[in-house]
Amino acid sequence: MEQADVVIVGVGAAGLMAGIWAGRSTTGTPGAKIVALDGARSLGAKILVAGGGRCNVTHFEVDERAYAGTSRPMIGKVLRRFPVRRTVEFFEELDVHLKQEETGKLFPTTDRARDVLAALLTASRDAGVEIRFPWRVGSVEREGDGFVVREQAPGGTDVREIRARRVILATGGKALPKTGSDGAGYGIATGLGHSITERVFPALAPLVLPQGHFLMELSGVAAPATVEVRSGTGKRVASFSNALLCTHFGLSGPAALDVSRWWTASKAEDQGTRLIVNWLPGETPQSFDQSLLAQPAAGAMRPLRERLPERLAKALLGHAGIGLGERISNLSKERRAAMVAAVTELVVPVSGDRGYTYAEATAGGIPLSELDLGTMESKVCPGLHVCGEVCDVDGRVGGFNFQWAWASGHVAGVGAMRGFPPLG
Ligand SMILES: Cc1cc2nc3c(=O)[nH]c(=O)nc-3n(C[C@H](O)[C@H](O)[C@H](O)COP(=O)(O)OP(=O)(O)OC[C@H]3O[C@@H](n4cnc5c(N)ncnc54)[C@H](O)[C@@H]3O)c2cc1C
(Lines give C-alpha, C1' and ligand atoms only; values in the text may rest on other atoms or scores of the structure.)
Protein backbone atom coordinates (compact mmCIF):
# COMPACT_ATOMS: atom_id res chain seq x y z
CA MET A 1 0.00 0.00 0.00
CA GLU A 2 1.21 3.52 -0.79
CA GLN A 3 2.66 5.36 2.22
CA ALA A 4 2.64 9.08 2.93
CA ASP A 5 3.72 11.18 5.86
CA VAL A 6 0.72 13.48 5.65
CA VAL A 7 -2.51 13.05 3.71
CA ILE A 8 -4.69 16.13 3.38
CA VAL A 9 -8.35 15.39 2.68
CA GLY A 10 -9.85 18.29 0.73
CA VAL A 11 -8.01 20.78 -1.47
CA GLY A 12 -10.01 23.94 -0.89
CA ALA A 13 -8.68 27.12 0.69
CA ALA A 14 -7.86 25.47 4.02
CA GLY A 15 -6.39 22.28 2.55
CA LEU A 16 -4.16 24.25 0.15
CA MET A 17 -2.91 26.45 2.96
CA ALA A 18 -2.29 23.45 5.22
CA GLY A 19 -0.36 21.68 2.47
CA ILE A 20 1.80 24.69 1.66
CA TRP A 21 2.75 25.21 5.31
CA ALA A 22 3.23 21.51 6.01
CA GLY A 23 5.56 21.38 3.00
CA ARG A 24 7.41 24.53 4.02
CA SER A 25 7.79 23.22 7.56
CA THR A 26 9.78 20.21 6.34
CA THR A 27 12.71 22.45 5.32
CA GLY A 28 15.74 21.01 7.07
CA THR A 29 14.22 17.55 7.11
CA PRO A 30 13.46 17.13 3.40
CA GLY A 31 11.83 14.03 2.02
CA ALA A 32 8.48 14.19 3.73
CA LYS A 33 5.73 12.98 1.46
CA ILE A 34 2.62 15.15 1.55
CA VAL A 35 -0.35 14.08 -0.54
CA ALA A 36 -3.51 16.18 -0.90
CA LEU A 37 -6.69 14.51 -2.17
CA ASP A 38 -9.86 16.06 -3.51
CA GLY A 39 -13.01 14.40 -4.81
CA ALA A 40 -13.85 17.20 -7.26
CA ARG A 41 -13.13 17.01 -11.00
CA SER A 42 -11.66 20.49 -10.93
CA LEU A 43 -9.94 22.20 -8.02
CA GLY A 44 -10.73 25.34 -6.08
CA ALA A 45 -14.32 25.86 -7.22
CA LYS A 46 -15.16 28.00 -4.20
CA ILE A 47 -12.11 30.19 -4.58
CA LEU A 48 -13.12 30.77 -8.19
CA VAL A 49 -16.73 31.73 -7.48
CA ALA A 50 -15.93 33.77 -4.38
CA GLY A 51 -16.63 37.46 -4.38
CA GLY A 52 -18.38 37.20 -7.74
CA GLY A 53 -15.23 35.80 -9.40
CA ARG A 54 -12.96 38.40 -7.79
CA CYS A 55 -12.26 36.45 -4.55
CA ASN A 56 -12.60 38.51 -1.42
CA VAL A 57 -9.42 37.04 0.11
CA THR A 58 -9.72 38.66 3.53
CA HIS A 59 -10.80 41.77 5.43
CA PHE A 60 -8.57 44.54 6.69
CA GLU A 61 -9.73 44.05 10.25
CA VAL A 62 -10.46 40.56 11.49
CA ASP A 63 -11.19 39.40 14.98
CA GLU A 64 -13.44 36.87 16.63
CA ARG A 65 -16.40 39.27 16.84
CA ALA A 66 -17.04 38.66 13.14
CA TYR A 67 -17.59 34.95 13.75
CA ALA A 68 -20.00 32.56 15.37
CA GLY A 69 -19.36 29.01 16.52
CA THR A 70 -17.94 26.99 19.38
CA SER A 71 -16.64 29.97 21.28
CA ARG A 72 -15.36 33.33 20.13
CA PRO A 73 -12.28 33.33 22.40
CA MET A 74 -11.22 29.99 20.88
CA ILE A 75 -11.76 31.29 17.35
CA GLY A 76 -9.69 34.37 18.26
CA LYS A 77 -6.80 32.21 19.45
CA VAL A 78 -6.45 30.58 16.04
CA LEU A 79 -6.98 33.84 14.12
CA ARG A 80 -4.18 35.54 16.07
CA ARG A 81 -1.72 32.83 15.03
CA PHE A 82 -2.02 33.96 11.42
CA PRO A 83 -3.42 37.48 11.34
CA VAL A 84 -4.43 39.49 8.28
CA ARG A 85 -0.96 41.07 8.06
CA ARG A 86 0.50 37.57 7.54
CA THR A 87 -2.16 36.75 4.93
CA VAL A 88 -1.29 39.90 2.99
CA GLU A 89 2.46 39.13 3.19
CA PHE A 90 1.87 35.52 2.23
CA PHE A 91 -0.04 36.44 -0.92
CA GLU A 92 2.42 39.26 -1.73
CA GLU A 93 5.16 36.66 -1.71
CA LEU A 94 3.09 34.57 -4.16
CA ASP A 95 2.85 37.65 -6.36
CA VAL A 96 -0.83 38.19 -5.56
CA HIS A 97 -1.09 41.80 -4.44
CA LEU A 98 -4.18 42.76 -2.50
CA LYS A 99 -6.09 46.02 -2.51
CA GLN A 100 -8.52 47.22 0.11
CA GLU A 101 -11.96 48.45 -0.92
CA GLU A 102 -14.13 50.97 0.95
CA THR A 103 -16.02 48.18 2.70
CA GLY A 104 -12.74 46.92 4.22
CA LYS A 105 -12.70 43.86 1.94
CA LEU A 106 -9.40 42.87 0.34
CA PHE A 107 -9.32 41.63 -3.26
CA PRO A 108 -6.47 40.81 -5.63
CA THR A 109 -5.46 43.93 -7.57
CA THR A 110 -6.20 41.99 -10.77
CA ASP A 111 -9.79 41.34 -9.61
CA ARG A 112 -9.32 37.76 -10.76
CA ALA A 113 -10.04 34.86 -8.40
CA ARG A 114 -8.20 32.54 -10.76
CA ASP A 115 -4.94 34.36 -9.95
CA VAL A 116 -5.45 33.48 -6.28
CA LEU A 117 -6.08 29.82 -7.08
CA ALA A 118 -3.17 29.60 -9.54
CA ALA A 119 -0.78 31.11 -6.98
CA LEU A 120 -1.89 28.66 -4.28
CA LEU A 121 -1.49 25.69 -6.62
CA THR A 122 2.01 26.83 -7.64
CA ALA A 123 2.97 27.37 -4.00
CA SER A 124 1.68 23.88 -3.17
CA ARG A 125 3.81 22.36 -5.91
CA ASP A 126 6.84 24.41 -4.77
CA ALA A 127 6.29 23.14 -1.22
CA GLY A 128 6.36 19.55 -2.52
CA VAL A 129 2.66 18.76 -2.10
CA GLU A 130 1.33 16.10 -4.49
CA ILE A 131 -2.25 17.02 -5.33
CA ARG A 132 -4.46 14.22 -6.68
CA PHE A 133 -8.00 14.57 -7.98
CA PRO A 134 -10.61 13.32 -8.47
CA TRP A 135 -9.84 11.14 -5.44
CA ARG A 136 -12.83 11.12 -3.15
CA VAL A 137 -12.12 9.83 0.34
CA GLY A 138 -14.75 7.40 1.65
CA SER A 139 -13.16 6.64 5.01
CA VAL A 140 -10.20 7.33 7.24
CA GLU A 141 -9.47 4.55 9.69
CA ARG A 142 -7.05 4.37 12.53
CA GLU A 143 -4.25 1.83 12.05
CA GLY A 144 -1.66 1.69 14.82
CA ASP A 145 -0.28 5.20 15.29
CA GLY A 146 -1.38 6.21 11.79
CA PHE A 147 -4.31 6.01 9.41
CA VAL A 148 -5.54 4.27 6.30
CA VAL A 149 -7.20 6.66 3.89
CA ARG A 150 -9.55 4.81 1.57
CA GLU A 151 -11.23 5.98 -1.60
CA GLN A 152 -15.00 6.02 -1.81
CA ALA A 153 -15.68 3.03 -4.08
CA PRO A 154 -16.82 4.32 -7.45
CA GLY A 155 -19.15 1.51 -8.61
CA GLY A 156 -17.17 -1.64 -7.89
CA THR A 157 -13.85 -0.48 -9.30
CA ASP A 158 -10.61 -0.98 -7.36
CA VAL A 159 -10.44 1.25 -4.35
CA ARG A 160 -7.23 3.21 -3.84
CA GLU A 161 -5.71 3.32 -0.37
CA ILE A 162 -2.94 5.32 1.24
CA ARG A 163 -1.36 4.67 4.60
CA ALA A 164 -0.77 8.02 6.31
CA ARG A 165 1.11 8.89 9.44
CA ARG A 166 -0.88 12.07 9.85
CA VAL A 167 -4.12 13.27 8.31
CA ILE A 168 -5.35 16.83 7.87
CA LEU A 169 -9.12 17.00 7.47
CA ALA A 170 -10.06 20.01 5.31
CA THR A 171 -13.29 18.88 3.68
CA GLY A 172 -15.21 22.13 4.18
CA GLY A 173 -18.87 22.32 5.14
CA LYS A 174 -22.02 21.77 3.09
CA ALA A 175 -22.47 25.10 1.31
CA LEU A 176 -22.64 24.92 -2.48
CA PRO A 177 -22.51 21.11 -2.47
CA LYS A 178 -21.99 20.81 -6.22
CA THR A 179 -18.42 21.99 -5.64
CA GLY A 180 -17.72 18.77 -3.72
CA SER A 181 -18.19 20.18 -0.21
CA ASP A 182 -21.17 18.08 0.77
CA GLY A 183 -20.58 17.39 4.45
CA ALA A 184 -18.75 14.07 3.98
CA GLY A 185 -16.07 15.33 6.36
CA TYR A 186 -18.46 15.18 9.30
CA GLY A 187 -18.84 11.40 8.83
CA ILE A 188 -15.06 10.99 8.59
CA ALA A 189 -14.62 13.00 11.79
CA THR A 190 -17.25 11.10 13.77
CA GLY A 191 -15.72 7.83 12.54
CA LEU A 192 -12.51 8.94 14.26
CA GLY A 193 -14.24 9.76 17.54
CA HIS A 194 -15.19 13.41 17.09
CA SER A 195 -18.57 14.88 17.77
CA ILE A 196 -20.36 17.28 15.46
CA THR A 197 -22.44 20.12 16.89
CA GLU A 198 -26.07 19.16 17.44
CA ARG A 199 -27.10 21.46 14.63
CA VAL A 200 -25.41 22.02 11.27
CA PHE A 201 -27.22 24.52 9.06
CA PRO A 202 -26.70 27.02 6.23
CA ALA A 203 -25.02 30.34 7.04
CA LEU A 204 -24.81 33.41 4.80
CA ALA A 205 -27.97 32.25 3.02
CA PRO A 206 -30.63 34.45 1.37
CA LEU A 207 -33.96 34.54 3.22
CA VAL A 208 -37.27 33.37 1.75
CA LEU A 209 -40.49 35.29 2.48
CA PRO A 210 -44.02 33.88 2.25
CA GLN A 211 -45.66 33.99 -1.19
CA GLY A 212 -47.11 37.39 -2.06
CA HIS A 213 -45.16 39.43 0.49
CA PHE A 214 -44.99 43.02 -0.73
CA LEU A 215 -41.17 43.20 -0.60
CA MET A 216 -40.95 40.47 -3.26
CA GLU A 217 -42.63 42.81 -5.74
CA LEU A 218 -39.63 45.13 -5.33
CA SER A 219 -37.21 42.61 -6.84
CA GLY A 220 -33.92 44.39 -7.62
CA VAL A 221 -34.42 47.26 -5.18
CA ALA A 222 -31.56 47.60 -2.69
CA ALA A 223 -31.07 50.01 0.21
CA PRO A 224 -28.92 50.29 3.30
CA ALA A 225 -30.79 48.85 6.27
CA THR A 226 -30.37 47.56 9.78
CA VAL A 227 -31.65 44.02 10.02
CA GLU A 228 -32.22 42.60 13.45
CA VAL A 229 -33.19 39.23 14.88
CA ARG A 230 -35.28 39.55 18.02
CA SER A 231 -36.38 36.78 20.33
CA GLY A 232 -40.02 36.24 21.24
CA THR A 233 -39.44 38.34 24.34
CA GLY A 234 -38.05 41.20 22.25
CA LYS A 235 -34.38 40.65 23.13
CA ARG A 236 -31.94 41.61 20.37
CA VAL A 237 -30.19 38.43 19.21
CA ALA A 238 -28.15 39.94 16.38
CA SER A 239 -28.11 43.11 14.31
CA PHE A 240 -26.36 44.02 11.06
CA SER A 241 -26.32 47.27 9.10
CA ASN A 242 -25.49 46.81 5.45
CA ALA A 243 -27.10 46.70 2.01
CA LEU A 244 -30.38 44.80 1.85
CA LEU A 245 -31.67 43.57 -1.49
CA CYS A 246 -35.28 42.67 -2.29
CA THR A 247 -35.59 39.70 -4.63
CA HIS A 248 -38.37 37.66 -6.23
CA PHE A 249 -38.05 35.08 -3.39
CA GLY A 250 -37.38 37.40 -0.45
CA LEU A 251 -34.27 39.13 0.88
CA SER A 252 -30.63 38.95 -0.06
CA GLY A 253 -27.58 41.24 0.02
CA PRO A 254 -24.98 41.29 2.80
CA ALA A 255 -27.37 42.35 5.58
CA ALA A 256 -29.70 39.40 4.90
CA LEU A 257 -26.83 36.94 4.48
CA ASP A 258 -25.16 38.03 7.71
CA VAL A 259 -28.33 37.77 9.75
CA SER A 260 -29.53 34.45 8.30
CA ARG A 261 -27.61 32.09 10.60
CA TRP A 262 -28.82 34.02 13.65
CA TRP A 263 -32.41 33.88 12.47
CA THR A 264 -32.20 30.12 11.80
CA ALA A 265 -30.50 29.37 15.12
CA SER A 266 -32.92 31.49 17.12
CA LYS A 267 -36.02 30.21 15.31
CA ALA A 268 -35.05 26.59 16.03
CA GLU A 269 -35.30 27.28 19.74
CA ASP A 270 -37.83 30.09 19.91
CA GLN A 271 -40.85 30.10 17.61
CA GLY A 272 -41.45 33.74 18.55
CA THR A 273 -38.22 34.82 16.79
CA ARG A 274 -38.78 37.85 14.53
CA LEU A 275 -36.85 39.65 11.83
CA ILE A 276 -37.06 43.43 12.04
CA VAL A 277 -35.88 45.80 9.32
CA ASN A 278 -35.06 49.45 9.85
CA TRP A 279 -34.84 51.10 6.43
CA LEU A 280 -33.32 54.23 7.94
CA PRO A 281 -30.22 52.95 9.79
CA GLY A 282 -29.28 55.37 12.53
CA GLU A 283 -32.88 56.49 13.10
CA THR A 284 -34.96 55.09 15.94
CA PRO A 285 -38.75 54.92 15.76
CA GLN A 286 -38.80 57.86 18.18
CA SER A 287 -36.36 60.03 16.19
CA PHE A 288 -38.18 59.33 12.94
CA ASP A 289 -41.51 60.15 14.56
CA GLN A 290 -40.05 63.42 15.82
CA SER A 291 -38.85 64.25 12.31
CA LEU A 292 -42.39 63.65 10.99
CA LEU A 293 -43.89 65.91 13.63
CA ALA A 294 -41.40 68.60 12.64
CA GLN A 295 -42.82 68.76 9.10
CA PRO A 296 -46.64 68.60 9.51
CA ALA A 297 -47.41 70.27 6.20
CA ALA A 298 -45.37 67.79 4.16
CA GLY A 299 -46.86 64.91 2.23
CA ALA A 300 -46.07 61.41 3.54
CA MET A 301 -43.62 60.74 0.70
CA ARG A 302 -41.44 63.76 1.42
CA PRO A 303 -39.47 62.45 4.44
CA LEU A 304 -38.79 59.23 2.54
CA ARG A 305 -38.15 60.40 -1.00
CA GLU A 306 -34.60 61.59 -0.44
CA ARG A 307 -33.58 58.70 1.76
CA LEU A 308 -35.08 55.63 0.11
CA PRO A 309 -35.51 54.30 -3.42
CA GLU A 310 -38.87 55.59 -4.64
CA ARG A 311 -40.41 52.16 -5.21
CA LEU A 312 -39.48 51.09 -1.71
CA ALA A 313 -40.83 54.29 -0.14
CA LYS A 314 -44.15 53.90 -1.95
CA ALA A 315 -44.42 50.22 -0.99
CA LEU A 316 -43.72 50.96 2.69
CA LEU A 317 -46.40 53.64 2.76
CA GLY A 318 -48.79 51.26 1.00
CA HIS A 319 -48.01 48.60 3.60
CA ALA A 320 -48.83 51.12 6.37
CA GLY A 321 -52.10 52.03 4.59
CA ILE A 322 -51.02 55.60 3.92
CA GLY A 323 -51.75 57.46 0.69
CA LEU A 324 -48.73 59.01 -1.03
CA GLY A 325 -50.19 62.50 -0.99
CA GLU A 326 -51.55 62.43 2.54
CA ARG A 327 -50.33 65.26 4.72
CA ILE A 328 -48.47 64.23 7.84
CA SER A 329 -50.62 66.58 9.94
CA ASN A 330 -53.75 64.70 8.80
CA LEU A 331 -52.50 61.35 10.06
CA SER A 332 -53.93 60.10 13.34
CA LYS A 333 -51.45 59.07 16.01
CA GLU A 334 -52.13 55.40 15.19
CA ARG A 335 -51.61 55.87 11.45
CA ARG A 336 -48.42 57.86 12.02
CA ALA A 337 -47.24 55.04 14.29
CA ALA A 338 -48.01 52.56 11.47
CA MET A 339 -45.87 54.63 9.08
CA VAL A 340 -43.04 54.85 11.61
CA ALA A 341 -43.19 51.08 12.19
CA ALA A 342 -43.18 50.24 8.46
CA VAL A 343 -40.08 52.36 7.90
CA THR A 344 -38.03 51.79 11.04
CA GLU A 345 -39.35 48.58 12.57
CA LEU A 346 -40.80 46.51 9.78
CA VAL A 347 -41.55 42.99 10.99
CA VAL A 348 -40.73 40.70 8.10
CA PRO A 349 -42.12 37.16 8.26
CA VAL A 350 -39.41 34.74 7.12
CA SER A 351 -40.38 31.26 5.87
CA GLY A 352 -36.82 29.95 5.87
CA ASP A 353 -33.51 30.33 4.10
CA ARG A 354 -32.58 29.21 0.59
CA GLY A 355 -30.54 26.29 1.87
CA TYR A 356 -27.06 25.03 1.14
CA THR A 357 -27.37 25.47 -2.62
CA TYR A 358 -27.35 29.23 -2.15
CA ALA A 359 -25.50 29.50 1.18
CA GLU A 360 -21.93 30.78 1.29
CA ALA A 361 -20.99 29.01 4.51
CA THR A 362 -22.04 26.38 7.04
CA ALA A 363 -22.82 26.92 10.71
CA GLY A 364 -21.85 24.09 13.04
CA GLY A 365 -19.28 21.34 12.62
CA ILE A 366 -16.40 19.97 14.69
CA PRO A 367 -16.29 21.82 18.04
CA LEU A 368 -13.02 23.69 18.58
CA SER A 369 -13.04 22.39 22.15
CA GLU A 370 -12.03 18.99 20.69
CA LEU A 371 -8.88 20.46 19.10
CA ASP A 372 -5.55 21.70 20.39
CA LEU A 373 -5.71 25.24 19.04
CA GLY A 374 -1.93 25.57 18.84
CA THR A 375 -1.73 22.81 16.20
CA MET A 376 -5.37 22.10 15.27
CA GLU A 377 -4.62 18.52 16.31
CA SER A 378 -7.50 16.43 17.51
CA LYS A 379 -7.61 15.79 21.24
CA VAL A 380 -9.62 12.62 20.66
CA CYS A 381 -7.59 11.20 17.76
CA PRO A 382 -3.89 12.15 17.91
CA GLY A 383 -2.29 12.57 14.50
CA LEU A 384 -5.48 14.00 12.99
CA HIS A 385 -5.49 17.75 12.34
CA VAL A 386 -8.55 19.73 11.29
CA CYS A 387 -8.97 23.09 9.55
CA GLY A 388 -11.36 25.28 7.59
CA GLU A 389 -15.11 25.26 7.40
CA VAL A 390 -15.49 21.67 8.67
CA CYS A 391 -14.88 23.27 12.11
CA ASP A 392 -17.72 24.85 14.04
CA VAL A 393 -16.82 28.36 12.85
CA ASP A 394 -18.67 30.64 10.45
CA GLY A 395 -17.84 34.23 9.65
CA ARG A 396 -19.62 37.27 8.30
CA VAL A 397 -19.66 38.36 4.69
CA GLY A 398 -16.45 40.22 3.83
CA GLY A 399 -13.49 37.82 3.61
CA PHE A 400 -13.81 36.42 7.14
CA ASN A 401 -14.45 32.83 6.07
CA PHE A 402 -11.34 32.72 3.92
CA GLN A 403 -9.33 34.33 6.71
CA TRP A 404 -10.45 31.46 8.96
CA ALA A 405 -9.40 28.98 6.25
CA TRP A 406 -5.94 30.62 5.85
CA ALA A 407 -5.35 30.90 9.61
CA SER A 408 -6.58 27.45 10.62
CA GLY A 409 -4.93 25.88 7.54
CA HIS A 410 -1.62 27.45 8.46
CA VAL A 411 -1.85 26.25 12.07
CA ALA A 412 -2.85 22.72 10.98
CA GLY A 413 -0.09 22.50 8.34
CA VAL A 414 2.69 23.65 10.64
CA GLY A 415 1.18 21.66 13.52
CA ALA A 416 1.07 18.42 11.54
CA MET A 417 4.83 18.58 10.92
CA ARG A 418 5.80 19.49 14.48
CA GLY A 419 8.26 17.02 16.04
CA PHE A 420 7.85 14.78 13.06
CA PRO A 421 10.76 13.06 11.30
CA PRO A 422 9.71 12.12 7.75
CA LEU A 423 9.52 8.53 6.47
CA GLY A 424 12.74 9.17 4.50
C1 LIG B 1 -20.69 31.36 -3.65
C2 LIG B 1 -19.71 31.53 -2.52
C3 LIG B 1 -18.95 32.71 -2.44
C4 LIG B 1 -18.07 32.89 -1.39
N5 LIG B 1 -17.34 34.04 -1.33
C6 LIG B 1 -16.45 34.23 -0.31
C7 LIG B 1 -15.62 35.38 -0.27
O8 LIG B 1 -15.59 36.19 -1.21
N9 LIG B 1 -14.81 35.56 0.82
C10 LIG B 1 -14.77 34.64 1.86
O11 LIG B 1 -14.03 34.84 2.82
N12 LIG B 1 -15.50 33.50 1.80
C13 LIG B 1 -16.33 33.27 0.74
N14 LIG B 1 -17.06 32.13 0.69
C15 LIG B 1 -16.84 31.12 1.75
C16 LIG B 1 -15.54 30.36 1.47
O17 LIG B 1 -15.51 29.98 0.13
C18 LIG B 1 -15.41 29.10 2.35
O19 LIG B 1 -15.59 29.45 3.71
C20 LIG B 1 -14.06 28.45 2.18
O21 LIG B 1 -13.89 28.09 0.83
C22 LIG B 1 -13.93 27.22 3.05
O23 LIG B 1 -12.70 26.61 2.76
P24 LIG B 1 -12.45 25.08 3.09
O25 LIG B 1 -11.15 24.74 2.47
O26 LIG B 1 -12.64 24.82 4.53
O27 LIG B 1 -13.62 24.29 2.36
P28 LIG B 1 -13.95 24.19 0.80
O29 LIG B 1 -13.50 25.37 0.06
O30 LIG B 1 -15.39 23.86 0.77
O31 LIG B 1 -13.09 22.97 0.29
C32 LIG B 1 -13.30 21.64 0.72
C33 LIG B 1 -12.76 20.71 -0.33
O34 LIG B 1 -12.85 19.38 0.17
C35 LIG B 1 -13.26 18.53 -0.87
N36 LIG B 1 -13.89 17.34 -0.27
C37 LIG B 1 -15.02 17.30 0.49
N38 LIG B 1 -15.27 16.03 0.88
C39 LIG B 1 -14.27 15.27 0.35
C40 LIG B 1 -13.96 13.87 0.37
N41 LIG B 1 -14.74 13.00 1.04
N42 LIG B 1 -12.87 13.43 -0.30
C43 LIG B 1 -12.07 14.30 -0.97
N44 LIG B 1 -12.30 15.62 -1.04
C45 LIG B 1 -13.40 16.10 -0.38
C46 LIG B 1 -14.20 19.35 -1.71
O47 LIG B 1 -14.28 18.86 -3.03
C48 LIG B 1 -13.56 20.74 -1.63
O49 LIG B 1 -12.67 20.96 -2.70
C50 LIG B 1 -17.93 31.89 -0.38
C51 LIG B 1 -18.65 30.70 -0.49
C52 LIG B 1 -19.52 30.51 -1.55
C53 LIG B 1 -20.29 29.22 -1.62
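Both ligands and their constituent atoms are indexed starting at 1 by order of listing.
Taking any N or O of D38, backbone or side chain, at least one lies under 3.5 Å from an N or O belonging to ligand 1. For a threshold of 3.5 Å applied to N or O pairs, the pair formed by G39 and ligand 1 contains at least one separation below that value. Between V57 and ligand 1, no N or O atom pair is found at a separation short of 3.5 Å. Below 3.5 Å of separation, one finds an N or O of N56 facing an N or O of ligand 1. In terms of N/O distances under 3.5 Å, ligand 1 is not approached by L176.
A heavy-atom separation below 4.0 Å is not found between F133 and ligand 1. Ligand 1 is never approached by L204 to a heavy-atom distance shorter than 4.0 Å. For the ligand labelled ligand 1, residue A170 lies inside the 4.0 Å heavy-atom shell. Heavy-atom distances between G399 and ligand 1 reach below 4.0 Å in at least one pair.
Taking the charged nitrogens against the carboxylate oxygens, R136 and D182 do have a contact shorter than 4.0 Å, which makes a salt bridge. Ion pairing of D5 with R166 is absent here, as no side-chain N (NZ or NE/NH1/NH2) approaches a carboxylate O to less than 4.0 Å. Ion pairing of R165 with E143 is absent here, as no side-chain N (NZ or NE/NH1/NH2) approaches a carboxylate O to less than 4.0 Å. Under the 4.0 Å criterion applied to side-chain N and carboxylate O atoms, E377 and R418 are not assigned as salt-bridge partners. For the pair R24 and E93, the salt-bridge criterion is met [side-chain N within less than 4.0 Å of a carboxylate O]. Using a cut-off of 4.0 Å between Lys/Arg side-chain N and Asp/Glu carboxylate O, R236 and E228 are scored as salt-bridged. We find that E151 and R160 are joined by a salt bridge, their nearest charged nitrogen and carboxylate oxygen being less than 4.0 Å apart.
Ranked by closest heavy atom to atom 30 (O) of ligand 1, the top entry among G44, S181, G172 is S181. When G180, A50, C55 are checked for heavy-atom proximity to atom 36 (N) of ligand 1, G180 turns out nearest.
Contacts of W404 with ligand 1, taken as heavy-atom pairs under 4.0 Å, are absent altogether. With a 4.0 Å cut-off on non-hydrogen atoms, A45 does not touch ligand 1 at all.
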Show, in sequence, the C-alpha distance, side-chain angles and deciding distance for I188 and S139, and conclude whether the side chain to side chain contact (heavy atoms under 4.5 Å, CB included) test is met.
CA-CA 6 Å; I188 296 174; S139 69; over 6 Å; no
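Those atoms of ligand 1 that come under 4.0 Å of a heavy atom in E389, given as number and element, are 18 (C), 19 (O), 20 (C), 22 (C), 26 (O). In the vicinity of N401, heavy-atom distances shorter than 4.0 Å reach the ligand 1 atoms 11 (O), 12 (N), 15 (C), 19 (O).
Centroid-to-centroid, the aromatic rings of W404 and F400 stay 6.0 Å apart or farther.
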